[in-house]
Number of protein chains: 4
Amino acid sequence: MVKAAVIGASGYAGQELVRLLYHHPEAEIVYLGSRSLEGNPLSDSFRSMADSDRYRFRASNLRDAAEEANIIFLALPHGIAAGAVDKEILQKAKVIDLGADFRLRSLDAYRLWYHLDHPGGSVFDSAVYGLCELHRKAIAPARLVANPGCYTTCSILSLAPLLAEGEIDLSMPIVVDAKSGVSGAGRSPGEAFHFPECNESLKAYKVGTHRHTPEIEQELSLLAGTQVTVQFTPHLVPMNRGILVTAYCRPNGKAEALRIEELYRTFYADEPFVKILGKAEGLPETRWVRGSNRCDIGFYYDERTGLLMVIGVIDNLVKGAAGQAVQNMNIISSLPETMGLTNYAMFP
Amino acid sequence: MVKAAVIGASGYAGQELVRLLYHHPEAEIVYLGSRSLEGNPLSDSFRSMADSDRYRFRASNLRDAAEEANIIFLALPHGIAAGAVDKEILQKAKVIDLGADFRLRSLDAYRLWYHLDHPGGSVFDSAVYGLCELHRKAIAPARLVANPGCYTTCSILSLAPLLAEGEIDLSMPIVVDAKSGVSGAGRSPGEAFHFPECNESLKAYKVGTHRHTPEIEQELSLLAGTQVTVQFTPHLVPMNRGILVTAYCRPNGKAEALRIEELYRTFYADEPFVKILGKAEGLPETRWVRGSNRCDIGFYYDERTGLLMVIGVIDNLVKGAAGQAVQNMNIISSLPETMGLTNYAMFP
Amino acid sequence: MVKAAVIGASGYAGQELVRLLYHHPEAEIVYLGSRSLEGNPLSDSFRSMADSDRYRFRASNLRDAAEEANIIFLALPHGIAAGAVDKEILQKAKVIDLGADFRLRSLDAYRLWYHLDHPGGSVFDSAVYGLCELHRKAIAPARLVANPGCYTTCSILSLAPLLAEGEIDLSMPIVVDAKSGVSGAGRSPGEAFHFPECNESLKAYKVGTHRHTPEIEQELSLLAGTQVTVQFTPHLVPMNRGILVTAYCRPNGKAEALRIEELYRTFYADEPFVKILGKAEGLPETRWVRGSNRCDIGFYYDERTGLLMVIGVIDNLVKGAAGQAVQNMNIISSLPETMGLTNYAMFP
Amino acid sequence: MVKAAVIGASGYAGQELVRLLYHHPEAEIVYLGSRSLEGNPLSDSFRSMADSDRYRFRASNLRDAAEEANIIFLALPHGIAAGAVDKEILQKAKVIDLGADFRLRSLDAYRLWYHLDHPGGSVFDSAVYGLCELHRKAIAPARLVANPGCYTTCSILSLAPLLAEGEIDLSMPIVVDAKSGVSGAGRSPGEAFHFPECNESLKAYKVGTHRHTPEIEQELSLLAGTQVTVQFTPHLVPMNRGILVTAYCRPNGKAEALRIEELYRTFYADEPFVKILGKAEGLPETRWVRGSNRCDIGFYYDERTGLLMVIGVIDNLVKGAAGQAVQNMNIISSLPETMGLTNYAMFP
């Protein structure tokens, strides 16, 4: 039985984690940390859980959590985990960090995109990038897993087979036009997410500067064996959950629909959380993955233009955050990878 | 293991039922019937289910279903089940009808409100009204259970303790102002539910004529031991799921908040799916029950006006339809009543 | 030409006022005051206006505004206008206050409901309640107009004819179940109005304590010539604009639909902004008044229960705030009452 | 005074046209044609208009309309206008066609993309493509104007200056990732637009096959003086109105932000309905153009990738349909081009 701690448990990713862990047959929540809600019962901020008054937020303290838990989930703003996770903690507990501090393998890239220094060191070096479908083997023995970002997960899964197989002409940057529901922006109120401001409206934001860009490039470059450049543009869509990525790239050769479908089906054979949609099944829609840990992927090769479009969808809070974190927990705990993650999306 | 058939499986209630049964540890789906989708795989209309192509819709045929299933769920328009369920079927399988045909115990009331004739007879006489919290004992041995309506469930649960305890001055009709998300209207497209028509708008509908009215009155009257009159007004709210009922009534005596809370807590003691919100917990909101089988109830006694307000919320597709149907299945199958229904609401 | 000042111009009511005044053929905006945005161009917070950079927010200062404007609109939190409007200001300019400080004619009621003291005095005494359809004659010569609240306007207009004609049995409190879009909560971010918190959810709030209650009662009592008690319950609906009021009352005698319709049509004969919906026209929906200054009213008398339901809708920012303020401006400026307010609702 | 007929007046574009014409100081509606609603008052389908019962739908008959009107607006499904507009009609009235039949100058392209034959002929030859900002001079004397599509208008306006100035390296197809609110799909109910199906979800559709593609390419090619290839991908967003286009292209040389801004400001100098957003103003959002005839355009040049992003927004029913149609009416009627179109967007 995993004894799990969640630090930063009051945000959307934290609470989704609590929901998934609560129902997980081999996990037990032993510590919920929240700086802002210390002392309050969980039910104050998450009234869905009928008996959640038996949980109470404690201090957002890793060292305390490491005394009671054997796996600690961190759902903290970037810049905090980098300094807070140390060898001593990792000796007592494994850490799955839903934040950004251990995702980029290059400290220079971190400094450039996050405008923050990073201590680096052996803890940093020991971190494994937790995109389960790509790094399962490296994740299994890790004590520190960097859970990928939401846009990142969807973008990488959508493009991985093409880059791994050298199908893309990299002289054209891969265009990743991504759209997300508002829960991706977190639970802190602000004018941009005030209901009447973002309801019934649509916008692009952080064009050219969004911090998931280097993460996508890092992983796609690893797969391609050469530097991959991505033009990543996020958009805010008036709905609660869901990410849809529309990627545009130029294939090296002809990208007949059937061959591409085959390539994806082979690459993701036996992956329980990736579903490839063939021509008969239409294109992915976020409603079909809402609440599930699945990533649906479809594609269209346009002979007219010579471009290949890949469309992927996930639930940003599940496969894009808490679900993948539980999937990582399962991997590092030698549990079946799908345990606690088999529920279907709720529709509508 | 329950062998379950769902007839009318392609609508919202039907599909929610499929989702719940699929995850239910003691149920197996053996028959999915749909008139409009006969022959198609389930995945065509419910793409959430990754492996749903292993299910295929068959004819909407009770007799066939009764050969394979021991419990048949009906999710059909009113007027069909009345003639289709007969003794022979009930000998082979138990039936849980999510439609309206066996809910009203008075055939006259049925004819008056539904403008349809009803054959009545011994099958009709054997039906039990399946509001689990009120009729658990009668449901257990039944072979035909009439699953309550969505508005009905929320309205009755919200008011039952007051009527059972004779707290209401019945000379004033009880006002039940109810609001529902759009999935309550079903899955058939029509101008009223075309996105741009109902998004960003609000309306009352079927004022004074909605067919859940006699159902609410029937049950409240039973509890009160005398005729109860209800003024029921439904409203359409631009959201997918959720019902909120605001009930106004005049207590016989003083209705101090604490005493009322106590009365509700006593009435619903040990009920796993009813949560009473005391003053500290605020009033119910539909978001906290979305996807769960729970009914949350809160109240406010206004000394200034002498009126008592009770506010109840449910998820119309779960406690208001498929969830309660599974709860009824558990009861008639001697399974733990909460089995397969313990998942928390997903938020947000 | 009216020279208009708007103090508190950065909120939703303030900006709607700016929009209406900008298009008004006989008004000119000469002063925009905002405490939080002093010095900024209007376009920073209201990018709809292509040339709005020619307006710049100035201090939220009534005395300065009174030097340049002959009509000052106040859109301020309650408690500020009470002390800020004085004789000197009223000598220089007329004031239309969109806030609550001059609406209640009883200082005791103000203190009770607002938990604030109020200086009262001759300025307070001179204020006229600005529900145009009821107080047009008193408004015309006024120098200080208290623009009604949003819920208030819709509730009073919906019920006025019944009380004026003595049709209601007042021994039963009038139940006013009201529902509002989120812009009614203002533009300040907060957890309750953070998109993922209120999207796809529904709740009642301030049950029994909402401050529009005494305002509704004051006006209905005036019409009835006796004390009227109202049970007012507001609800938050996930949409931007719109208020729908469902009122329940007990008529003194039989309330045949046709007679009631006639009574309303007579009461509101020649009112350009009130539309009575007869049986053929169905019931009001908020979409048909979005962006317009109209109030649509429909009704249903339920012979079965003896209750009469009246349903009214307005756009909370237009007839419920800025539109009615412009209507008041027209009245006190001897302009045609509909000037600048004739645009139809935009649909969808 | 323009005497205007609207044929196909019951859809969203048709009704928006009615709204704009109704408020237009120099237009009078003399004929409303609707096949499905012939005989019904306008108010049945457009209850916003308080006095709309004075209008009644007549047959969808161009010849009749041409007897009474001097300008006929067509808002019909494609394939109808091609055969219905003839010389005789054009002698009596000018026609502004909001449909697709006269937009493509190549009949082959029409047959290829619409899978329909087209009679062509002198009427077809006389048609002028009505994107006002580009073809104002040709529109002025025209008797048949092909009003551009919604996606088309936004895409072309967003990219026109770059192509006109030869700034784009055309060896990479221009990627146009477009997102639209649901009113763009029209008013006919269908499963895809049933509220619970498209609310809280996001999808791409008609990938590689959407019929606005050849229209965008036709106009951009004209501007570039060479064939331009566009990869156009539309997405459906759960909101009523608004289109946002995110275009990706590779500039020939360095595309410093300031130079590009200057180029756009010069190209659109004196255009009343195009607003260029510089760095300080942020990027376009659909909420700021809702209800207005404006197109807002912003951009970002990414030195890292060498790509230039252009983002444009319009209201699909105004600048994308009815508003531009009125703008065309003003041009061919020698009225000021902004007449009847100056209202600001309503916010929120």
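The chains referred to below are lettered A, B, ... by the order of the sequence lines, with proteins before strands, and numbering in each begins at 1.
Looking at B:R241, there are no atoms closer than 4.5 Å to chain D (heavy atoms on both sides), in backbone or side chain.
Checked against the 6.0 Å centroid threshold, B:F195 and D:F193 do not count as a close aromatic pair.
Annotation: maximal heavy-atom pairing with chain D below 4.5 Å, among B:G190, B:S183, B:A192, occurs at B:G190.
Side-chain contact check for B:R187 versus D:E191: some heavy-atom pair is nearer than 4.5 Å.
Between B:N240 and D:P196 the shortest heavy-atom distance is OD1-CA, 3.4 Å.
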